[in-house]
Amino acid sequence: MTDAAALPGRPRGEVVSGRATPRAVNVLAPNASAMTLDGTNTWILAEPGSGLAVVVDPGPLDEGHLRNVVATAERAGQRVALTLLTHGHPDHAEGAARFAELTGTNVRALDPALRLGDEGLAAGDVVTVGGLELRVVPTPGHTADSLSFHLPADRAVLTGDTVLGRGTTVVAHPDGRLGDYLDTLRRLRSLTVDDGVHTVLPGHGPVLEDAQGAVEYYLAHRAHRLAQVETAVEDGHRTPAEVVAHVYADVDRSLWPAAELSVRAQLEYLQEHGII
């Protein structure tokens, strides 16, 4: 068995509901799958001693899970005052409208179609609730509307699907674009170097203790995959399906449809840069 400390990003271990940092508590949604790993991590964030909390990504439309999130906050003496979304994929956002009903909160997101209330989210925004400070970081690439949230007091960043606690993420073409995603990874690397971020609180998978190591691994992985795709095309594999079968031959076939999205994004990137 591989020591978790030796893996990219130093994953903390098993994914469990509970406290991850002084200001962040995870409530794991019961939607485990090949794509969602152990399930969606719904994050409850609150300043120590505060009676107000922020919830990031309520998760799927699962009544039991949504009520469990509310109950978890209440057991800590907190009232959910705001709901935020990292992006619009159903495993993160489908339950947001119902969660807003349960909590009486607004929902803030980059995509206006996902918002409930007048306020959205944009690059550079600072969200403050009950003394808690969250900084909005634009992180497009997985999807066009992907955001991360920098929690400076815990030297942590909530990454949604942009950086996972295990494995790597999909560039969900055509909404997701590889060029954007590479820029995003460099932006996150700057957070680790310039702002002291060392913890990743991902949308799926375990907490990562080495944020910089995780981002560097993602950058290296993307460069390696891009080179593989370029070589596959040079060898005569022209369609996305052919490239997937060649490059991802060692990957579970159930994941090939998702891999094809990334391959389409990689092919588009190579074409845009005149490489193929």
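Note that the structure is predicted; figures quoted are calculated from it, not measured. Residue numbers start at 1 and run along the sequence shown. Basis for what follows: all heavy atoms, side chains included, without hydrogens, waters or symmetry-related copies.
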With no hydrogens and no angle check, is any side-chain donor or acceptor of [X] less than 3.5 Å from a backbone partner on [Y]?
X	Y	result
D252	S254	yes
D145	G88	yes
T169	T162	no
T86	S146	no
Y248	L255	no
R115	R108	no
H65	P58	yes
D57	G59	no
H204	G39	yes
E242	R238	yes

Report summary line: Grouping ILVMFWY residues whenever side-chain heavy atoms fall under 4.5 Å, the cluster of L66 otherwise contains V25, V27, I44, V55, L61, V69, V70, V80, F99, L102
Pairs of donor and acceptor atoms involving the side chains of residues 191-203, under 3.5 Å and at least two apart or interchain, shall be tabulated with distances.
from, atom 1, to, atom 2, distance (Å)
T192, OG1, R189, O, 2.6

Requested in this report: Using the side-chain hydrogen bond (donor to acceptor under 3.5 Å, both in side chains) rule, take T36 and N31 through it: C-alpha gap first, then chi angles, then the decisive distance, then the call.
Outcome: CA-CA 7 Å; T36 60; N31 62 332; 4.7 Å; no
Query raised in the report: Which residues satisfy the side chain to side chain donor-acceptor pair (under 3.5 Å) test with S50, sequence neighbours excluded?
Result: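 Checked S50 against side chain to side chain donor-acceptor pair (under 3.5 Å); zero matches.
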Query raised in the report: side chain to side chain donor-acceptor pair (under 3.5 Å) with S148: which residues, sequence neighbours excluded?
Result: T139
Between [X] and [Y], is there a shared hydrophobic cluster once you connect ILVMFWY residues whose side-chain heavy atoms come closer than 4.5 Å?
X	Y	result
L178	V244	yes
V56	L116	no
L226	V163	yes
V251	V243	yes
L84	V107	no

Requested in this report: Would you list the pairs meeting salt bridge (charged side-chain N to carboxylate O under 4.0 Å, His left out) in which at least one residue belongs to residues 160-170, sequence neighbours left out?
Outcome: D38-R166
Requested in this report: Determine whether T168 and L164 make a side-chain contact, defined as any pair of heavy atoms from C-beta on separated by less than 4.5 Å.
Outcome: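 No, every pair of side-chain atoms sits at 4.5 Å or beyond.
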Requested in this report: Would you check if V207 and P11 make a side-chain contact, meaning some heavy-atom pair closer than 4.5 Å?
Outcome: no
Could you tell me whether [X] atom [atom1] has more than 12 heavy atoms of other residues or ligands within 6.0 Å of it?
X	atom1	answer
E14	CD	no
D118	CG	no
R19	CZ	yes

Query raised in the report: Between Y218 and G167, which heavy-atom pair has the shortest distance, and what is it?
Result: OH-O, 3.0 Å
Report task. Taking all non-hydrogen atoms of both residues into account, name the closest pair between A24 and W43 and its distance. Result ->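 Looking at all heavy atoms of both residues, the closest pair is CB-CE3, 4.1 Å.
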Query - Modelled atom types, side-chain donor and acceptor of H89 and T143, under 3.5 Å - result: no
Report task. Assess whether side-chain hydrogen bond (donor to acceptor under 3.5 Å, both in side chains) is satisfied between T72 and R75, documenting all intermediate values. Result -> CA-CA 5 Å; T72 300; R75 284 194 296 271; 3.3 Å; yes
Query raised in the report: Salt bridge check: are E268 and R264 linked by an N-O gap of less than 4.0 Å?
Result: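 Looking at E268 and R264, the cut-off is not met.
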Report task. For the pair R23 and E133, find out whether any cationic side-chain nitrogen is under 4.0 Å from an anionic carboxylate oxygen. Result -> no
Query raised in the report: How many angstroms lie between atom CG of N106 and atom OG1 of T83, to the nearest 0.5 angstrom?
Result: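 Answer for the CG-OG1 pair, N106 versus T83, is 8.5 Å.
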Query raised in the report: When you look at Y181 and R222, which way does the side-chain contact (heavy atoms from CB on, under 4.5 Å) test go after all the steps?
Result: CA-CA 10 Å; Y181 189 62; R222 283 295 163 201; 3.6 Å; yes
Report task. Report the C-alpha distance between H221 and R225 in whole Å, list the side-chain angles of each, state the deciding distance to 0.1 Å, and finish with yes or no for side-chain contact (heavy atoms from CB on, under 4.5 Å). Result -> CA-CA 6 Å; H221 171 78; R225 282 295 193 213; 3.6 Å; yes
Requested in this report: Using side-chain contact (heavy atoms from CB on, under 4.5 Å) as the criterion, list what pairs up with R79, not counting sequence neighbours.
Outcome: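 Only L52, A81 meet the side-chain contact (heavy atoms from CB on, under 4.5 Å) criterion with R79.
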Requested in this report: Before giving the answer on side-chain contact (heavy atoms from CB on, under 4.5 Å), spell out for T40 and H92 the whole-Å C-alpha distance, their side-chain angles and the decisive distance to 0.1 Å.
Outcome: CA-CA 7 Å; T40 300; H92 294 258; 4.2 Å; yes
Query raised in the report: Are the aromatic rings of H142 and H173 close, with centres under 6.0 Å apart?
Result: no
